[in-house]
Amino acid sequence: MKKVAKWIVTCAWPYVNYVPHLGTMIGSALSADVIARYLRMKGEDVIFVSGSDEHGTPIEVEAIKRGIEPKALCDENHLKITELFKRWGISFDNYSRTESPHHKDFVRSFYMKLMRNGYIYEEEVELPFCPNCQIFLPDRFVTGQCPYCGFEDARGDQCDNCGRLLEPDKLVKPRCTICSTSPQFKRTKHWFFDLPKLEPELREYVEKAPFLTENARNSSLSLLREGLKPRSVTRDNRWGIPAPFPGAEGKTIYVWMEAVLGYVSATIEYFVKKGEPEKWKEYWFDGDSRFLCFIGKDNIPFHTLILPALLIASREGYVLPWGVSATEYLLFEGQKFSKSRRIGVWIDEALEMYPVDYWRYVLLYLRPEGRDVSFTWPLFKELVNSHLNDTLGNFVYRVLSFTSRVFSSKVPTPRSDWIKEELWEIVLEKFQRTSSYLDSFRIKDALQEVMSIAREGNRYLNEKAPWDAIRKGLVDEASISIYVCLTAIKSLAIMLAPFMPKSANDIWRGIGYTNSVHEEKWEEAIKPIEPGREVPTPKPLFTKIK
RNA sequence: AGCGGGGUGGGGAAGUCAGGUUAUCCCGCGGGGCUCAUAACCCCGAGAUCGGUGGUUCAAAUCCACCCCCCGCUACCA
């Protein structure tokens with residue numbers, strides 16, 4: 001990969017009505033974190049931003065349920081989630097929120113620009129309104145009897161029983177999902193974004209975007225083939241960013257139409273806080289910048305169509321997503337994660353059970369790159385015990401304890417022909433392969449490639465049997481093989497750093513370095529360890545579970 | 001229903017777009033080896049009609065048609 005000007009690495013903003021679950025974690029923040037860390041190690045200029053998505057009906061409803069203000073609910077959850085991301089080792093440069101003043105100001109002036117550019121128009125529509133809650137109800141917040149199959153709990157958009165698409169006014173005996181009152185249908189004015197106007201430019205964008213995962217490219221092209229429809233920008237919600245349009249008093253901007261702009265506003269906020277209020281422009285208006293999004297498949301159209309459309313419509317020359325990496329879904333024991341049905345594991349409870357790198361490894365190993373993948377407990381156990389503990393942990397431990405016992409805790413000095421050793425050649429090759437996988441965001445393949453170094457290390461060690469060499473008095477032979485193993489361990493520490501930051505650093509310290517592995521460059525992985533370096537008494541890296 | 005993605009040994013995943021020697025990897029299982037190491041490690045082996053049916057081809061997991069099943073989206077859930 002050529003060195004480029006700037007990287008804007010981003011991941012989907014979690015909706016903070018609740019703590020994210022493991023599926024959200026692998027699809028967005030964790031994947032983005034690996035790439036952000038890798039790019040930084042490569043010496044690239046990276047800014048990694050995301051934030052809490054806070055507006056809209058579900059949060060308003062949750063706040064009503066708990067008898068508190070939406071803002072109070074969001075403050076609480078934003079703080080909690082910020083803290084959790086920190087504990088998960090997600091290396092954001094800025095984790096912002098849609099309640100940030102920078103975001104709100106940016107969004108309001110951005111939409112005024114779109115209006116001036118002729119992409120916003122108003123129209124009257126008729127929508128369900130709950131007279132008791134005093135709010136307009138999104139389709140899914142109206143339930144009633146399905147007119148086709150008679151199912152009692154059909155939602156206003158689709159019947160869960162027969163699968164038919166519905167409209168709220170088609171439901172028999174409709175009721176408000178929040179309070180069960182029968183909704184009225186009221187006329188209200190809304191502002192729309194003229195998406196069809198941008199269709200030719202969007203088609204060109206989708207066809208030419210340098211990196212879109214297959215699911216993202218195909219489904220976007222398919223939507224374009226069907227033809228885009230205007231998208232409403234405003235809502236009658238109380239909880240949101242006040243719409244800036246003349247005559248739109250009391251309206252807010254639809255969450256999706258503002259949250260995606262957070263990528264820009266979070267960059268602005270980051271540089272304002274650093275005292276360089278103009279610097280964000282170097283990232284967003286430089287044609288060589290690479291704007292990368294990590295999302296789950298449900299988010300695809302918002303990142304491949306709506307966001308680019310908004311950015312284009314501003315006519316200010318924003319960079320469009322250079323890459324969109326969309327994962328399939330992580331399932332839990334074969335089922336969708338569901339808060340209401342308590343199916344799944346959430347990122348707070350995960351950390352109460354096991355160390356963060358156990359989770360990071362398992363999630364990255366399972367990353368649903370081509371299809372839905374199921375998380376199961378037996379699989380979790382297998383990966384932790386066999387991969388982390390037996391293969392990686394034991395390789396490092398056996399080499400270090402041998403070094404400690406036989407070479408008095410010093411990296412032995414090898415004969416100069418050590419460089420011809422098979423394991424070293426394997427490490428060099430795997431370094432290249434890992435780099436090229438990461439360059440194309442194939443995180444799963446990259447991780448497997450790194451881990452296979454430990455496997456090869458074990459094999460090499462068994463073959464060379466330095467313990468046998470020592471017994472026969474062949475200290476030179478033992479020195480070479482242990483030296484090569486220690487060098488491989490150094491490579492492992494560097495190459496694991498983007499994936500398992502804590503364990504990688506433990507390995508790094510374990511071979512006697514006193515700084516942080518995260519200060520090192522990626523290329524350091526193929527620089528041999530210095531003979532004579534003192535290594536501390538080894539400690540096991542992982543422990544088996546259950 | 002339409003559109004997008006998927007179905008590969010017992011489990012989990014690559015490979016499919018550019019068809020081609022014994023279908024790859026991680027586990028599990030059976031046997032053997034080693035004894036530095038956390039009962040860890042290494043080697044060998046068994047185990048697959050590549051969702052189904054039909055077609056194209058000298059040759060199909062891969063291309064075409066139809067069917068079955070799983071997931072997502074379908075524009076006011078986010």
Side-chain angles (χ1 to χ4, degrees), chain A residues 12-17 53 55-59 61 125 127-128 136-142 155-158 162-165 167-168 190 195 213-223 225-226 228-232 234-237 254-256 259 296-302 305-306 326 328-329 331 334 336 365-374 376 378-379 382-383 385-387 389-391 393-403 405-406 442 444-445 448 451-452 455 457-468 470 478 481-482 485 538 540-544:
Chain A
W13 291 38
Y15 195 70
V16 298
N17 58 341
D53 181 5
H55 300 130
T57 309
I59 285 183
V61 170
V125 288
L127 292 172
F136 279 91
L137 298 168
D139 288 359
R140 291 196 185 188
F141 281 80
V142 183
R155 291 171 312 172
D157 59 336
Q158 187 167 28
C162 68
R164 280 183 202 258
L165 296 180
E167 305 285 332
H190 277 299
L195 206 48
T213 46
E214 207 173 330
N215 51 0
R217 176 113 51 195
N218 290 342
S219 63
S220 306
L221 286 173
S222 150
L223 286 168
R225 267 197 305 276
E226 287 168 29
L228 303 177
K229 295 183 205 157
R231 218 59 211 208
S232 72
T234 50
R235 290 289 183 277
D236 284 298
N237 291 0
Y254 173 38
V255 271
W256 256 116
K297 63 175 161 182
D298 52 332
N299 262 326
I300 291 170
F302 292 98
L305 299 172
I306 298 203
E328 298 292 310
Y329 271 7
L331 305 177
K336 276 189 76 175
Y365 184 87
L366 295 177
R367 185 169 192 262
E369 288 177 3
R371 72 176 89 169
D372 291 355
V373 170
S374 194
T376 63
L379 203 52
E382 173 199 314
L383 292 171
N385 289 353
S386 159
H387 291 209
N389 188 77
D390 296 348
T391 304
N394 186 51
F395 171 61
V396 172
Y397 191 77
R398 65 197 293 214
V399 172
L400 289 178
S401 67
F402 195 94
T403 306
R405 204 166 39 76
V406 176
R442 291 172 64 175
K444 229 173 148 161
D445 288 330
Q448 290 193 47
M451 287 298 284
S452 70
R455 243 166 243 121
N458 278 319
R459 198 174 60 79
Y460 172 83
L461 203 55
N462 275 37
E463 221 168 68
K464 296 292 167 175
W467 49 90
D468 203 40
I470 290 293
S481 41
I482 287 300
C485 284
L541 288 165
F542 308 100
T543 45
K544 289 204 180 199

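Below, read A as the first sequence line, B as the second, and so on, with proteins coming before strands; counting in each chain starts at 1.
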**Q** Please list, chain by chain and in numerical order, all residues satisfying ring pair (Phe, Tyr, Trp, His ring centres under 6.0 Å) with A:Tyr254, sequence neighbours excluded.
**A** none
**Q** Using the test side chain to side chain donor-acceptor pair (under 3.5 Å), find all partners of A:Lys544 that sit at least two apart in sequence or belong to another chain.
**A** A:Asp390
**Q** With respect to the side chain of A:Asp53, which nucleotide from B:C76, B:A75, B:A78 is positioned closest?
**A** B:A78
**Q** Just call it for A:Phe302: base, sugar-phosphate, or nothing, with non-hydrogen atoms closer than 4.0 Å on any strand.
**A** base
**Q** Within the structure shown, what part of the strands sits under 4.0 Å from A:Phe542 by heavy-atom distance: base, sugar-phosphate, or nothing?
**A** base
**Q** May I ask you to say what A:Arg459 touches in the nucleic acid, namely base, sugar-phosphate or nothing, with a heavy-atom cut-off under 4.0 Å?
**A** sugar-phosphate
**Q** Think A:Arg398 forms a cation-pi with A:Phe395, using NZ or CZ under 6.0 Å from the six-ring centre and within 45 degrees of its axis?
**A** no
**Q** Please state the C1' separation for the pair B:C77 and B:U56 - nearest whole angstrom.
**A** 46 Å
**Q** Heavy atoms under 4.0 Å, any strand shown: does A:Leu383 hit a base, just sugar-phosphate, or nothing?
**A** nothing
**Q** Please enumerate all protein N or O atoms sitting under 3.5 Å from an N or O of nucleotides 4-14 of chain B, with distances to 0.1 Å.
**A**
unit_1: B:G5; atom_1: OP1; unit_2: A:Asn218; atom_2: ND2; d: 2.6
unit_1: B:G5; atom_1: O2'; unit_2: A:Gly370; atom_2: O; d: 3.4
unit_1: B:U8; atom_1: O4; unit_2: A:Arg371; atom_2: NH2; d: 3.1
unit_1: B:A13; atom_1: O3'; unit_2: A:Lys444; atom_2: NZ; d: 3.2
unit_1: B:A14; atom_1: OP2; unit_2: A:Arg371; atom_2: NE; d: 3.3
unit_1: B:A14; atom_1: OP2; unit_2: A:Arg371; atom_2: NH2; d: 3.1

**Q** Could you work out, with side chain to side chain donor-acceptor pair (under 3.5 Å) as the rule, every residue matching A:Glu463, not counting sequence neighbours?
**A** A:Arg459
**Q** Less than 4.0 angstrom between a side-chain N/O of A:Lys336 and OP1 or OP2 of B:C70, yes or no?
**A** no
**Q** Please identify each residue that fulfils salt bridge (charged side-chain N to carboxylate O under 4.0 Å, His left out) with A:Glu382, with sequence neighbours left out.
**A** none
**Q** Using side chain to side chain donor-acceptor pair (under 3.5 Å) as the criterion, list what pairs up with A:Asn385, not counting sequence neighbours.
**A** none
**Q** Sequence neighbours excluded, which residues qualify as side chain to side chain contact (heavy atoms under 4.5 Å, CB included) partners of A:Asp236?
**A** A:Phe136, A:Thr188, A:His190, A:Lys251
**Q** For A:Phe302, enumerate each residue passing the ring pair (Phe, Tyr, Trp, His ring centres under 6.0 Å) test, keeping only those at least two apart in sequence or located in another chain.
**A** A:Trp256
**Q** Taking side chain to side chain donor-acceptor pair (under 3.5 Å) as the definition, give me every residue that meets it alongside A:Asn389, ordered by chain and number, with sequence neighbours left out.
**A** none
**Q** What nucleic acid atoms does A:Pro466 come within less than 4.0 Å of, heavy atoms only: base, sugar-phosphate, or nothing?
**A** nothing
**Q** Mind checking which stems touch RNA chain B? I mean at least 3 consecutive Watson-Crick or G-U pairs, both distances under 3.5 Å.
**A** B:1-7 with B:68-74, B:10-13 with B:24-27, B:29-33 with B:41-45, B:51-55 with B:63-67
**Q** Considering residues at least two apart in sequence or located in another chain, which fulfil the salt bridge (charged side-chain N to carboxylate O under 4.0 Å, His left out) criterion with A:Arg140?
**A** A:Asp157
**Q** How does each nucleotide of nucleotides 30-37 of chain B score, in 5' to 3' order, for protein heavy atoms under 4.0 Å: base (B), sugar-phosphate only (S), or none (-)?
**A** ---BSSBB
